[in-house]
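Below, all heavy atoms of this structure are taken into account, side chains as well, without hydrogens, waters or symmetry copies. Lettering of chains follows the sequences in order, A, B, ..., and the numbering in each one begins at 1.
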There are 2 protein chains.
Amino acid sequence: MTRPVGKIRDVAKATGLSIATVSRVMNGGKNVSPNTRDKVLAACKQLNYLPNPAARALSTSRSKTVAAIIPTIEHSIFAKYIASIEHSLAQRGYSLVIAISHGDLDEELAAAQKLLGMGAEAFILSGADHHPDLLDLFTQRGVPHVYSSIWQPASAAPSIGYDNTALARAAMDYLTGHGHHHIAVLHGPLTESDRTRDRQAGAQAAQRDGLTLDFHETSLDVAGGKAATRALLQSANRPSAIFCFSDVLALGALFALSEAGLRVPEDVSVMGFDNLDWSGETAPALTTINLPATRMGAEVGTQLMDHLDNGTPLGPVRLDGAIVERASVAPVTRRG
Amino acid sequence: MTRPVGKIRDVAKATGLSIATVSRVMNGGKNVSPNTRDKVLAACKQLNYLPNPAARALSTSRSKTVAAIIPTIEHSIFAKYIASIEHSLAQRGYSLVIAISHGDLDEELAAAQKLLGMGAEAFILSGADHHPDLLDLFTQRGVPHVYSSIWQPASAAPSIGYDNTALARAAMDYLTGHGHHHIAVLHGPLTESDRTRDRQAGAQAAQRDGLTLDFHETSLDVAGGKAATRALLQSANRPSAIFCFSDVLALGALFALSEAGLRVPEDVSVMGFDNLDWSGETAPALTTINLPATRMGAEVGTQLMDHLDNGTPLGPVRLDGAIVERASVAPVTRRG
DNA sequence: CTGTTAGCGCTTTCAA
DNA sequence: TTGAAAGCGCTAACAG
């Protein structure tokens with residue numbers, strides 16, 4: 001029960017000006033004499049006046065709010081990414097509102113409906129795989145939206161992100177280049193993420209004679225990485241390298257290996273994906289793939305705002321990822 | 001440039017009813033015949049109608065939005081907490097909007113002003129230490145707000161959280177109870193968080209003859225915990241236990257210890273604080289303090305909504321934390 | 001149970 | 001450079 005607060009009318013009264021003039025000042029203050037302007041600003045401060053966003057939105061049909069729907073925010077690249085989007089939007093007076101989909105298309109649809117109902121003007125989605133009704137909804141209402149964390153120039157909406165397939169492929173080549181011929185691949189639920197599927201396709205593409213690839217699906221958290229690694233260590237001949245589609249999984253792998261008394265990278269190499277802020281701190285430091293989360297956030301934010309403000313068309317952008325060589329991968333040494 | 005979309009008037013026209021009736025249906029639909037109700041709902045679906053939130057907010061002076069300002073969302077207890085608040089609010093049609101303060105009082109103030117400007121009706125703050133202007137602002141405008149992640153019955157606003165001091169004290173007692181007489185305490189920047197200061201006070205309170213306590217301030221991330229541990233390992237006589245005010249710090253400590261070739265808990269015990277989702281997965285599994293993040297989120301959300309909806313007064317609530325015994329702490333063995 | 005009507009606070013032509 | 005006035009889409013009395 002917030003108490004009533006200064007309105008534009010009060011400021012007008014206090015300055016002896018009209019509400020129209022006050023409004024002008026509040027919006028950039030073009031066509032207002034410096035004098036008037038100062039008077040208004042002073043009164044605003046004095047009355048602690050803040051324009052009512054609902055009234056403003058109603059009047060302009062602009063909420064200056066963009067929505068991002070992400071699979072999760074815990075332990076992940078998304079935290080960094082979200083911070084970057086927020087930063088980018090804030091620069092131009094936009095706000096970001098977030099929803100979590102848990103990687104579920106229906107949840108994503110429901111969240112989008114809610115956010116639309118909240119007045120979001122544009123949407124940032126993760127990946128290119130979405131509920132058909134969502135796309136219909138966006139199309140029907142002409143809601144601008146982009147796919148992120150993925151690069152797929154032919155997708156239904158502009159994609160702004162990195163090429164997951166190529167990156168995974170590059171990692172595989174890096175591993176095989178280090179002499180690994182038996183590699184376990186740990187990944188999260190394929191059904192929940194097309195980014196995961198892309199990475200899988202990339203890893204798969206590296207397949208060739210004399211290369212053994214074992215794919216293991218697990219839950220996308222440290223426990224998942226640990227359990228999967230533990231399981232794979234049971235098998236008769238263990239891989240010389242474990243490639244994880246997320247640093248979080250890799251962390252779990254590291255723990256499992258440590259518990260099993262195996263040394264990294266001497267006994268088995270581990271490679272991650274994401275380059276989270278702690279990835280260089282693990283023991284040993286994790287070799288992984290850096291993802292341009294910050295640049296992606298900036299690009300997404302800028303494109304959407306330019307489109308909303310000036311009608312600039314949205315377009316796909318490919319951002320580069322890169323292998324970060326650290327200590328968890330070593331050339332395979334000839335063993336017994 | 002979102003295209004124009006169905007308004008309440010269109011639904012009214014389509015059903016041959018008045019906009020008032022449509023409005024009634026859209027808001028719980030009391031005093032409406034089931035028949036009419038169905039007709040309206042059908043028309044809404046058919047026209048893909050969604051009430052305009054700005055218009056609704058303007059008309060009711062209710063945005064049904066609450067704001068949470070947290071220090072960070074990466075690697076932390078806050079991710080879980082935020083998810084819980086969101087969940088709780090969503091149940092009753094409220095939305096959560098988040099801002100990050102980076103532990104800075106000025107940033108927090110700025111964020112609050114922005115969120116207020118966005119129409120937030122109530123605020124969730126972390127800790128009890130805030131910019132005086134923030135409190136003035138809230139008081140002046142009568143904005144409901146609570147302090148969370150802390151329990152301090154005498155604070156300016158109701159605090160809903162756990163007793164950081166007592167919990168840290170309990171952890172110290174646990175450690176000394178295991179025979180540790182030289183304990184290093186790792187914590188984040190004291191100036192940035194009164195929760196950290198409370199924990200420090202609690203640890204301090206365990207001080208007594210024959211107990212050596214070394215406090216080390218570091219950055220609140222894995223790198224910080226690792227660096228601090230590395231540094232403290234340099235000194236002539238090293239502690240038998242390291243108590244970290246965050247599991248993130250403890251993870252760093254674990255890595256540093258591992259690199260130094262020291263075994264946990266045989267050579268040195270490590271205790272954390274937070275019980276993050278991966279804390280039971282580390283090698284060895286981390287003994288830590290569980291924080292009721294989920295319950296806290298629910299309590300905060302419920303209190304705020306009850307207050308906003310029915311004027312129920314806000315009040316402080318103490319939630320319990322508890323030591324989670326795992327494998328990283330062992331009784332100190334008589335050495336050389 | 002349903003319709004009429006008066007705003008909610010602000011932006012935005014259009015005139016002055 | 002400033003003011004008057006017409007809405008923006010919806011809710012909430014108040015009538016009927």
Side-chain angles (χ1 to χ4, degrees), chain A residues 1-41 43-44 47-65 93 116-119 121 141 309, chain B residues 1-41 43-44 47-65 93 116-119 121 141 309:
Chain A
M1 319 251 149
T2 302
R3 115 188 16 157
V5 87
K7 313 165 194 324
I8 199 173
R9 197 172 264 110
D10 302 322
V11 180
K13 205 153 295 171
T15 54
L17 293 159
S18 72
I19 62 169
T21 301
V22 176
S23 174
R24 274 183 208 106
V25 173
M26 299 313 292
N27 298 286
K30 206 50 203 159
N31 294 100
V32 176
S33 82
N35 196 14
T36 311
R37 177 196 175 65
D38 292 347
K39 232 179 356 193
V40 171
L41 258 17
C44 286
L47 296 175
N48 216 301
Y49 167 74
L50 242 39
N52 179 316
R56 181 176 274 183
L58 180 56
S59 182
T60 58
S61 327
R62 298 280 275 99
S63 66
K64 292 204 118 188
T65 294
L116 246 195
M118 284 178 59
E121 296 186 68
R141 304 177 70 123
D309 290 343
Chain B
M1 319 253 148
T2 303
R3 111 187 21 157
V5 87
K7 315 166 192 322
I8 199 174
R9 196 171 264 111
D10 302 324
V11 181
K13 205 152 295 173
T15 53
L17 292 159
S18 73
I19 62 170
T21 300
V22 176
S23 174
R24 274 184 208 102
V25 174
M26 297 314 290
N27 297 284
K30 206 50 202 158
N31 295 100
V32 177
S33 81
N35 196 13
T36 311
R37 177 196 176 64
D38 292 348
K39 223 167 19 180
V40 170
L41 259 18
C44 287
L47 296 174
N48 216 299
Y49 168 74
L50 241 37
N52 178 317
R56 181 178 278 187
L58 181 57
S59 180
T60 59
S61 330
R62 300 278 278 102
S63 66
K64 293 204 122 194
T65 294
L116 246 194
M118 283 178 60
E121 294 188 68
R141 305 177 70 122
D309 289 344

From the candidates C/dG3, C/dC8, C/dC10, the one with an atom nearest any side-chain atom of A/Asn52 is C/dC10

Of all heavy-atom pairs linking A/Pro53 and B/Gly119, the shortest is CG-N, 3.5 Å

B/Arg56 atom CZ is separated from C/dG9 atom C1', nearest whole Å, by 18 Å

In short, B/Val32 meets B/Arg24 closest at the heavy-atom pair CG2-CB, 3.7 Å

Problem set entry | N or O in side chain of B/Ser59 less than 4.0 angstrom from C/dG7 OP1/OP2 | no

Any B/Thr21 side-chain N or O less than 4.0 Å from OP1/OP2 of C/dC1: no

Nearest heavy-atom approach of A/Thr36 to A/Ser33 is OG1-OG, 2.6 Å

To the nearest 0.5 Å, atom OG of B/Ser59 lies from atom CG of B/Asn52 at 11.0 Å

Footprint ends on DNA chain D, 5' to 3', for atoms under 4.0 angstrom from a heavy atom of chain A, come out as D/dT1 to D/dG9

Residue pair A/Ile8/A/Arg24 against DNA chain C: nearer the 5' end by closest nucleotide is A/Ile8

Atom CG of A/Leu47 and atom P of C/dG9 are separated, to the nearest Å, by 15 Å

Please list every donor-acceptor pair under 3.5 Å in which a side-chain atom of residues 12-21 of chain A meets a protein atom from a residue at least two apart or in another chain.
{"unit_1": "A/Thr15", "atom_1": "OG1", "unit_2": "A/Val11", "atom_2": "O", "d": "2.9"}
{"unit_1": "A/Thr15", "atom_1": "OG1", "unit_2": "A/Ala12", "atom_2": "O", "d": "3.1"}
{"unit_1": "A/Thr15", "atom_1": "OG1", "unit_2": "A/Leu17", "atom_2": "N", "d": "3.3"}
{"unit_1": "A/Ser18", "atom_1": "OG", "unit_2": "A/Ala20", "atom_2": "N", "d": "3.4"}
{"unit_1": "A/Ser18", "atom_1": "OG", "unit_2": "A/Thr21", "atom_2": "N", "d": "3.3"}
{"unit_1": "A/Ser18", "atom_1": "OG", "unit_2": "A/Thr21", "atom_2": "OG1", "d": "3.3"}

**Request:** Looking at every strand, decide which applies to B/Ser61 at a 4.0 Å heavy-atom threshold: base, sugar-phosphate, or nothing.
**Result:** nothing

Smallest heavy-atom separation, B/Pro51 atom then B/Met26 atom, equals CG-CE, 3.6 Å

Result for 5'-nearest mapping on DNA chain D, choosing between A/Ile19 and A/Asn31, is A/Asn31

